[in-house]
Amino acid sequence: MSELVDDYRVTTMGLLFEAHLGLVGKLEPTWKRAGLSGLDLNALLRLSRSPGRRLRMNDLATQIKLSTSGVTRLVDRLERGGLVVRESSRDDRRSTFAVLTPKGAERLDEVLPGYIAAIERWFISLLDPGQLEALTAGLRIIRDATNPEATARTPD
């Protein structure tokens, strides 16, 4: 067996994956209770934090790492639930926006208190302020290098 399996870089990535899986396991009940998947919640949060509570479909797909057909299925599901609507672009007939509805905002209001409490319990409170600040800074550096599209904003 290769000596590299004990390399600190492999260990570090393993810890990141294990922490991610553990956190998802602790947070998942909060969105499931609201009848959402993790992907649904991610999309609703991104829409709620975007200008005009809307994103071009292709920007939403890019931000959450979905294919065109994947984001179409996601928005179809959210639209059937009344949580988002599609809106045609006034400036570009080829573009369509996903727009958070008042019902979608209400669903977020229902899920966020429990979600934030779980984040606080299983993530924030486990670190002292210096550790949290350093981790957040490090995650931003990694995100910006590996997934800069995650912060793209659609102009109004």
Side-chain angles (χ1 to χ4, degrees), residues 3-68 70-75 77-79 81 83-85 95 97-156:
E3 298 170 4
L4 294 177
V5 297
D6 290 329
D7 187 292
Y8 76 95
R9 293 165 287 200
V10 173
T11 299
T12 301
M13 281 308 303
L15 286 168
L16 179 62
F17 291 141
E18 291 165 359
H20 174 262
L21 290 171
L23 282 169
V24 168
K26 297 297 186 185
L27 300 176
E28 187 175 45
T30 63
W31 60 71
K32 281 192 166 187
R33 275 192 297 274
L36 299 171
S37 71
L39 190 56
D40 296 341
L41 179 59
N42 189 2
L44 295 176
L45 283 168
R46 287 181 182 277
L47 291 171
S48 73
R49 295 173 66 147
S50 296
R53 293 183 165 189
R54 65 192 203 136
L55 283 170
R56 282 190 177 91
M57 293 280 287
N58 61 337
D59 291 336
L60 181 59
T62 299
Q63 286 188 25
I64 59 179
K65 296 289 187 191
L66 284 178
S67 65
T68 303
V71 80
T72 297
R73 287 190 302 272
L74 170 65
V75 171
R77 184 172 65 248
L78 294 172
E79 197 169 35
L83 306 177
V84 302
V85 294
S95 291
F97 290 90
V99 182
L100 186 68
T101 64
K103 183 177 178 180
E106 286 175 21
R107 182 71 59 86
L108 273 177
D109 287 344
E110 291 169 12
V111 73
L112 281 177
Y115 183 61
I116 290 168
I119 291 170
E120 178 66 32
R121 178 176 181 193
W122 297 108
F123 184 63
I124 303 299
S125 71
L126 299 177
L127 303 171
D128 68 39
Q131 291 170 321
L132 183 60
E133 186 177 326
L135 177 60
T136 302
L139 289 172
R140 283 186 199 285
I141 291 167
I142 295 165
R143 188 270 323 270
D144 291 350
T146 62
N147 191 10
E149 304 86 13
T151 61
R153 295 283 189 232
T154 301
D156 280 342

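Position 1 is the first residue of the sequence; numbering continues from there.
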**Q** Which heavy atom of Val75 sits nearest to which heavy atom of Ala98, and what is that distance?
**A**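 It is CG2-CB, 4.2 Å.
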**Q** Using a 3.5 Å distance criterion without hydrogens, assess whether the side chain of Arg46 forms a donor-acceptor pair with backbone atoms of Ala150.
**A**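 Looks like yes, one N/O pair under 3.5 Å.
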**Q** How about Phe123 and Leu132: do any of their side-chain heavy atoms sit closer than 4.5 Å?
**A**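 When only atoms from C-beta onward are counted, Leu132 and Phe123 do touch, with a gap below 4.5 Å.
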**Q** Do you know which two heavy atoms are closest between Arg121 and Leu126, and how far apart they sit?
**A**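 In this case the closest contact between Arg121 and Leu126 is O-CG, 3.9 Å.
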**Q** Does Glu110 come within less than 4.0 Å of Arg33, counting only side-chain N to carboxylate O?
**A**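 Salt bridge flag = no for Arg33 with Glu110.
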**Q** Assess whether atom CD of Glu133 is packed by more than 12 heavy atoms of other residues, nucleotides or ligands within 6.0 Å.
**A**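 Not more than 12 within 6.0 Å, no.
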**Q** Could you tell me the separation between the CG atom of Asp7 and the CE atom of Met13, rounded to the nearest 0.5 Å?
**A**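 Interatomic distance, Asp7 CG to Met13 CE, rounded to 0.5 Å: 12.5 Å.
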**Q** How far does CD of Glu106 sit from CG of Asp109, to the nearest 0.5 angstrom?
**A**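 Between Glu106 CD and Asp109 CG, I get 7.5 Å after rounding to 0.5 Å.
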**Q** Does any part of the side chain of Leu45, heavy atoms only, come nearer than 4.5 Å to the side chain of Leu112, both counted from C-beta?
**A**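 Yes. Closest side-chain heavy atoms under 4.5 Å.
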**Q** Restricting to non-hydrogen atoms, name the atom on Leu74 and the atom on Ala43 that form the minimum distance, rounded to 0.1 Å.
**A**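 Answer, listing the atom of Leu74 first, then Ala43: CD2-CB, 3.7 Å.
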**Q** Rounded to the nearest 0.5 Å, how far apart are CG of Leu139 and CG of Asp144?
**A**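 So the CG of Leu139 and the CG of Asp144 are separated by 10.5 Å.
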**Q** Taking all heavy atoms of Ser95 and all of Arg56, pick out the closest pair and write down the distance.
**A**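 Closest approach of Ser95 to Arg56: OG-NE, 3.6 Å.
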**Q** Looking only at side chains, do Ser37 and Asp40 share a donor and an acceptor under 3.5 Å apart?
**A**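 Present: a donor and an acceptor within the cut-off.
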**Q** State whether the number of non-hydrogen atoms from other residues, nucleotides or ligands found under 6.0 Å of Arg140 atom CZ is greater than 12.
**A**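 It does not: Arg140 CZ has 12 such atoms or fewer within range.
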**Q** Supply the atom-to-atom distance Phe17 CZ to Thr12 OG1, rounded to the nearest 0.5 angstrom.
**A**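 Reported value, rounded in 0.5 Å steps: 11.5 Å.
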**Q** Looking at side-chain heavy atoms only, is the closest gap between Leu39 and Ile64 below 4.5 Å?
**A**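 Of all side-chain heavy-atom pairs linking Ile64 with Leu39, at least one is under 4.5 Å.
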**Q** Got Val84 and Leu44 here, is their nearest side-chain heavy-atom distance under 4.5 Å?
**A**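 They are in contact (side-chain heavy atoms under 4.5 Å apart), so the answer is yes.
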**Q** Could you tell me the separation between the CD atom of Glu18 and the OG1 atom of Thr11, rounded to the nearest 0.5 Å?
**A**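 Spacing of CD (Glu18) from OG1 (Thr11) equals 9.5 Å.
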**Q** How long is the gap from CG on Leu55 to CZ on Arg49, to the nearest 0.5 Å?
**A**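 Result: 12.0 Å between the selected atoms.
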**Q** Quick check on Lys65: does its NZ atom have over 12 non-hydrogen neighbours (other residues, nucleotides or ligands) under 6.0 Å away?
**A**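 Yes, enclosed.
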**Q** Got Leu47 and Leu78 here, is their nearest side-chain heavy-atom distance under 4.5 Å?
**A**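 Sidechains of Leu78 and Leu47: no contact.
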**Q** Check Thr72 against Met57 and note the closest heavy-atom contact, atom names and distance.
**A**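 Looking at all heavy atoms of both residues, the closest pair is CA-CE, 4.1 Å.
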**Q** Which atom pair, heavy atoms only, marks the closest approach of Ser67 to Ala61?
**A**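 That would be O-CB, 4.2 Å.
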**Q** Between Val111 and Leu108, is there a side-chain heavy-atom distance shorter than 4.5 Å?
**A**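 Contact flag for Leu108/Val111 side chains = yes.
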